[in-house]
Asker: 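A single structure is presented below for examination.
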Amino acid sequence: MTESSRPTRVLVLNSGSSSVKYQLLDMADSSRLAVGLVERIGEKTSRLVHTPLAGGPDGAGKRERTGPIADHTAALRAVADELARDGLGLDSPELAAIGHRVVHGGLKFSEPTVVDDAVCAEIERLVPVAPLHNPANLTGIRTARELRPDLPQVAVFDTAFHTTMPEHAARYAIDIETADAHRIRRYGFHGTSHAYVSRKTAELLGKDPADVNVIVLHLGNGASASAVAGGRCVDTSMGLTPLEGLVMGTRSGDIDPAVTFHLERVAGMSTDEIDELLNKKSGLVGLCGDNDMREIRRRVDEGDPRAALAFDIYIHRLRKYIGAYTAVLGRVDAVAFTAGVGENAAAVREAAVAGLEALGLAVDAERNAVRSDEPRIVSPDSAGTVVAVVPTDEELEIAAQTFALVGGDRSGGEDRARAGRADDA
Ligand code: AMP
């Protein structure tokens, strides 16, 4: 193929246990051509929502269908059919590669990797440390390879950005032989987002990422903080699994491990019940019954004491991590808020840095109240450290890394892509 007719499209797949989210991007200008979601795979009420965006970012042509979709193979076939209806089928010569989000890459995968049988086997070997995520990711990869065996498939790992963590940050202080025998260490997650946001924050500051120290606060339903020194992650709040660290929508975050022994010995709970308690029934939902920050803020404003306590616990933990990562980094150039809560909840940003002027941190009330999809500074010009809101874009980052690996150029027009961003459901 000539340079001008080289394929530039990348399909990004995020396969969960009962869902597949997807986006088709054209890396010639980083525009989105289609986004969609299949959910409740394996149930009678499976649902596919597909939005073609080639005609514009408004999602006017959104299509939805419900009915049984038996498994991931059927789901991907349904996605391929929808894309084909828009002239964007998987058999298109313009498709350069498929990029897969893979949650756990262990220590082995520090870079995006072209998938072959050996890579699939290694992702499978990591299932014991990511039992909820890696099997679904792998099913998505295998299905996509069946559908397009000739096309490069690239795995982009959530853990990859954190593999630069020094041993003293990555290791737990437990018996070292036991830890190594069972690959117990802190891996960290949301790495694609932390990488993207830390780089974008440097751009916002007009600096080279190598010259900037950033604390990234990825606050979505899952939440994690990272300390990024000169473009390299030196610490992050999630650990062996995404349970450690900040208070999240349904996860407890940091907890004394002896709580689990207590629940087993005194409360008579099984390991599975404790797992469920800490991962699904804790965090904000455990504390006040809601995990949506909008609802919690509404309740706080109405004077609801349980919502206020949940909010205070959430903020207290967040502030502890800001303080800890300030100490880890020594010099902090910026604190960047991202993901659903970080990008939208001005009250969380304000509370997270309130009274931290001694650390150079403050928000300007007017700037903090602005709603926008663009990266922006919300601290006053006088503050020693920049506080920024930097919208994350994991799909674009996965597509860019995938495209770069299969011989494309990743520099094409990330910013223009934002104009075409749309929710995938
Ligand atoms: P994510 O996991 O990044 O999609 O973030 C999802 C979370 O973002 C939801 O659970 C909400 O709590 C939160 N969120 C979304 N929009 C807003 C908003 N306008 N204000 C406060 N929180 C929001």
Side-chain angles (χ1 to χ4, degrees), residues 12 14 16-17 19-23 35-37 39 49 51 101 103 132-133 158 188-198 200 216-226 236-238 242-243 245-253 279-302 304 306-308 310-315 317-318 336-352 363 365 367-376 378 388-398 418 421-425:
V12 176
N14 182 353
S17 55
S19 70
V20 176
K21 291 183 193 156
Y22 62 94
Q23 293 198 5
V35 301
L37 163 76
E39 59 186 358
V49 184
T51 308
R101 175 183 184 221
V103 166
L132 297 179
H133 297 101
D158 252 25
F189 298 88
H190 293 143
T192 310
S193 176
H194 287 283
Y196 178 83
V197 169
S198 56
K200 282 275 157 194
V216 178
L217 302 171
H218 177 113
L219 310 178
N221 200 29
S224 62
S226 69
T236 194
S237 60
M238 284 178 167
L243 182 56
L246 299 172
V247 175
M248 308 182 213
T250 65
R251 296 179 211 141
S252 63
N279 274 297
K280 306 234 170 89
K281 298 180 181 164
S282 295
L284 293 169
V285 89
L287 288 165
C288 74
D290 271 310
N291 60 339
D292 190 317
M293 190 53 80
R294 285 164 289 205
E295 187 56 19
I296 292 170
R297 282 305 313 169
R298 194 190 60 72
R299 286 172 56 189
V300 171
D301 290 342
E302 282 177 357
D304 179 326
R306 273 187 63 190
F311 186 78
D312 289 348
I313 294 171
Y314 182 93
I315 295 295
R317 185 83 52 85
L318 191 56
F337 286 85
T338 195
V341 175
E343 292 170 29
N344 295 300
V348 168
R349 298 192 295 262
E350 184 187 334
V363 294
R367 288 180 180 178
N368 193 36
V370 171
R371 298 186 65 82
S372 160
D373 278 347
E374 296 298 320
R376 57 198 185 274
V378 297
V389 180
V390 180
T392 192
D393 196 337
E394 286 162 285
E395 290 81 12
L396 177 60
E397 180 71 8
I398 291 172
R418 297 217 60 79
R421 189 176 179 196
D423 288 334
D424 40 4

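Everything numeric in this text was worked out from a predicted model, so none of it was measured. Just so you know, ligand 1 is whichever comes first in the structure, and atom 1 is the first atom listed for that ligand.
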Asker: Are the side chains of Tyr314 and Val341 in touch, meaning some heavy atoms are under 4.5 Å apart?
Answerer: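 Sidechains of Val341 and Tyr314: in contact.
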Asker: Ring-plane angle category for His194 and His190, please: parallel below 30°, perpendicular beyond 60°, tilted otherwise.
Answerer: tilted
Asker: Measure the spacing between OG of Ser237 and CG of Leu318 and express it to the nearest 0.5 Å.
Answerer: 9.5 Å
Asker: Provide the number and element of each atom of ligand 1 under 4.0 Å from a heavy atom of Ala345.
Answerer: 21 (C)
Asker: Can you tell me which residue and heavy atom of the protein come closest to atom 11 (C) of ligand 1, and the distance to 0.1 Å?
Answerer: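 I find the closest protein heavy atom is Asp292 OD1, 3.4 Å.
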Asker: Using a 4.0 Å cut-off to any heavy atom of Gly220, which atoms of ligand 1 qualify?
Answerer: 1 (P), 2 (O), 3 (O), 5 (O)
Asker: With rounding to the nearest 0.5 angstrom, report the CG to CZ distance, Asp290 to Arg306.
Answerer: 9.5 Å
Asker: Give the residue and atom name of whichever protein heavy atom lies nearest to atom 21 (C) of ligand 1, and the separation in Å to one decimal.
Answerer: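 Checked against all protein heavy atoms, atom 21 (C) of ligand 1 sits closest to Arg294 CG, 3.5 Å.
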Asker: Would you say atom 4 (O) of ligand 1 makes contact with the protein, given that contact here means a non-hydrogen protein atom less than 4.0 Å away?
Answerer: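 So far as the 4.0 Å threshold goes, atom 4 (O) of ligand 1 is out of reach of every protein heavy atom.
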Asker: Regarding atom 22 (N) of ligand 1: of the candidates Glu394, Met293, His218, which has the closest heavy atom?
Answerer: Met293
Asker: Would you call Glu295-Arg298 a salt bridge at under 4.0 Å N-O?
Answerer: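 Yes, Glu295 and Arg298 are salt-bridged.
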Asker: Atom CD in Glu350, atom CG in Asn368: separation rounded to 0.5 Å?
Answerer: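 The distance works out to 6.5 Å.
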Asker: Need the ligand 1 atom indices (1-based, order shown) with element for anything under 4.0 Å from a heavy-atom of Ala339.
Answerer: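 So the atoms of ligand 1 that pass are 3 (O).
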Asker: Is the closest side-chain heavy-atom distance between Glu394 and His218 below 4.5 Å?
Answerer: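 Of all side-chain heavy-atom pairs linking His218 with Glu394, at least one is under 4.5 Å.
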Asker: Can you list the ligand 1 atoms lying under 4.0 Å from a non-hydrogen atom of Val341?
Answerer: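 Those qualifying, in numeric order: 8 (O), 12 (O), 13 (C).
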Asker: Out of Ser193, Gly249, Gly340, Ala347, indicate the one that has the non-hydrogen atom closest to atom 8 (O) of ligand 1.
Answerer: Gly340
Asker: Do any heavy atoms of Arg371 fall under 4.0 Å from ligand 1?
Answerer: yes
Asker: Looking at every non-hydrogen atom in both residues, tell me the closest pair between Ala351 and Phe311 and how far apart they are.
Answerer: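 Closest heavy-atom pair between Ala351 and Phe311: CB-CE2, 4.1 Å.
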Asker: Among protein heavy atoms, which lies nearest atom 6 (C) of ligand 1, and at what distance?
Answerer: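 Here the nearest protein heavy atom works out to Asn221 N, 3.8 Å.
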Asker: What residue and atom, counting heavy atoms only, is the protein's closest point to atom 10 (O) of ligand 1, and at what distance?
Answerer: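 Minimum-distance protein heavy atom for atom 10 (O) of ligand 1 reads Asn291 O, 3.8 Å.
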Asker: Looking only at protein heavy atoms, identify the closest one to atom 17 (C) of ligand 1 and say how far it is in Å.
Answerer: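 Closest protein heavy atom to atom 17 (C) of ligand 1: Asn344 CB, 3.5 Å.
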Asker: Test Leu284 against every option in Ile296, Asp292, Asn221, Thr250 by the side-chain contact (heavy atoms from CB on, under 4.5 Å) rule and name the one that passes.
Answerer: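 So the option named by the test is Ile296.
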